[in-house]
Amino acid sequence: MVRKKSYTKGNLKRGAWTAHEDKLLYDYIMSHGLGKWRSLPIKAGLNRCGKSCRLRWLNYLRPDIKRGNITEEEEDLIVRLHKLLGNRWSLIAGRLPGRTDNEIKNYWNTCLRKKLTSKTLLSPADTGTKSNDIPVPIFN
DNA sequence: AAACGCGACAACCGCTCCTTG
DNA sequence: ACAAGGAGCGGTTGTCGCGTT
């Protein structure tokens, strides 16, 4: 299937979001709700592509979002879910209320992977295979 | 005090999946 | 049934701040 590129660099702004842009996006979604991401930036007066708006909303602006301070409990859950699901970050995020796939993915790639590999090096016999026995809590 | 290295995180990009006409 | 467009996902990159030398 041939697809038109949805992301055109054109005149659209890229890079870090400003407080003003955040406010425009937040206010628009608060008063109109989530709708078509493609047309949203135009209606909200943002010079961004819909993709960028979606990412910003999901990973940063959403009111129910928890940021930082991943607890040991959450960390343990992430590890178990990762054993179970692999790199299905959105599925893992779905089991952790208030956490985003991007945050979990970042956390995994920076902290956890390192922790786990060092653990693995220390105790190679203790890896994998038992994951399916571990009950995973389901939120929602 | 400056240079450098590294970790953390936000955002981009390309691809696939899903929905609709 | 098929094609096209929109939405979502996962990998990767860029940047910033902090600690170390």
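Numbered from 1 within each chain, the chains take letters A, B, ... in sequence-line order.
- For the OP1/OP2 pair of dA11(B) and a distance below 4.0 Å, the side-chain nitrogens and oxygens of R54(A) include no atom meeting the criterion.
- Following rounding to the nearest Å, W17(A) (CH2) and dA11(B) (C1') show an atom-to-atom distance of 11 Å.
- Rounded to whole Å, atom P of dG10(C) lies 13 Å from atom CG of L58(A).
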Between W89(A) and N102(A), does the side-chain contact (heavy atoms from CB on, under 4.5 Å) criterion hold? Intermediate values first, please.
CA-CA 7 Å; W89(A) 305 116; N102(A) 205 35; over 6 Å; no

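- For the pairing with I104(A), the side chain to side chain contact (heavy atoms under 4.5 Å, CB included) check across L96(A), L81(A), I70(A) returns one residue only, L96(A).
- Summarising the geometry, the separation between CG on N59(A) and C1' on dC9(C) is reported as 11 Å, rounded to the nearest angstrom.
- Look at W89(A) and you'll find a side-chain N or O under 4.0 angstrom from OP1 or OP2 of dG11(C).
- Residue-to-nucleotide contacts include no donor-acceptor pair under 3.5 Å from the side chain of N109(A) to the base of dA8(B).
- Under 4.0 angstrom from either OP1 or OP2 of dA11(B) there lies at least one side-chain N or O belonging to R56(A).
- Residue N102(A) has no polar side-chain atom (N or O) positioned under 4.0 Å from OP1 or OP2 of dA11(B).
- The existence of a salt bridge linking E75(A) and R80(A) is excluded, since no basic side-chain nitrogen approaches an acidic carboxylate oxygen closer than 4.0 Å.
- Note that CG of L40(A) and CG of L34(A) are 8.0 Å apart. Values are rounded to the nearest 0.5 Å.
- Atom pair W37(A):CH2 and dG5(C):C1' shows a separation of 17 Å (rounding to whole Å applied).
- Of the listed nucleotides (dT12(C), dC9(C), dG8(C)), dC9(C) has the atom at the smallest distance from the side chain of S90(A).
- The nearest whole Å value for the distance from the CG atom in L91(A) to the C1' atom in dG8(C) is 12 Å.
- A salt bridge is defined here as a Lys NZ or Arg NE, NH1 or NH2 lying under 4.0 Å from an Asp or Glu carboxylate O, and K105(A) with D101(A) fails to meet this definition.
- For T100(A) against R62(A), the heavy-atom pair with the smallest separation is CG2-NH2, 4.0 Å.
- The distance between atom CG of N106(A) and atom P of dC9(C), rounded to the nearest whole Å, is 15 Å.
- Note that CG of L24(A) and CD1 of I29(A) are 11.0 Å apart. Values are rounded to the nearest 0.5 Å.
- Under the Watson-Crick or G-U wobble criterion, with both distances below 3.5 Å, dA1(C) has no partner in any strand shown.
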Tabulate protein N/O versus nucleotide N/O from nucleotides 5-7 of chain B, keeping only pairs under 3.5 Å, one per line.
residue	atom	partner	partner atom	Å
dG7(B)	OP1	K114(A)	NZ	3.4
dG7(B)	O5'	K114(A)	NZ	3.4

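- Phosphate proximity of dG6(C) to R38(A): present, with a side-chain N or O under 4.0 Å from OP1 or OP2.
- Rounded to an integer number of Å, the gap from CH2 of W57(A) to P of dA7(C) is 16 Å.
- Under 3.5 Å, the side chain of K51(A) and the base of dG14(B) form at least one donor-acceptor pair of N or O atoms.
- What separates CD1 of I92(A) from P of dG10(C) is a distance of 8 Å, to the nearest Å.
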Polar atom pairs (N or O), protein with nucleotides 14-16 of chain C, under 3.5 Å:
none

Can Y60(A) and W17(A) be said to form a side-chain contact (heavy atoms from CB on, under 4.5 Å), step by step?
CA-CA 10 Å; Y60(A) 199 85; W17(A) 280 65; over 6 Å; no

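- Among residues two or more places apart in sequence or in another chain, the salt bridge (charged side-chain N to carboxylate O under 4.0 Å, His left out) test is passed with E21(A) by K13(A), R48(A).
- Below the 3.5 angstrom threshold, one finds no donor paired with an acceptor across the side chain of K36(A) and the base of dG6(C).
- In this model, the phosphate group of dC9(C) is not approached by any side-chain N or O of R88(A) to a distance below 4.0 Å at OP1 or OP2.
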Does the pair R99(A) and E74(A) meet the rule for a side-chain contact (heavy atoms from CB on, under 4.5 Å), with working shown?
CA-CA 10 Å; R99(A) 300 293 183 189; E74(A) 286 175 314; 2.9 Å; yes

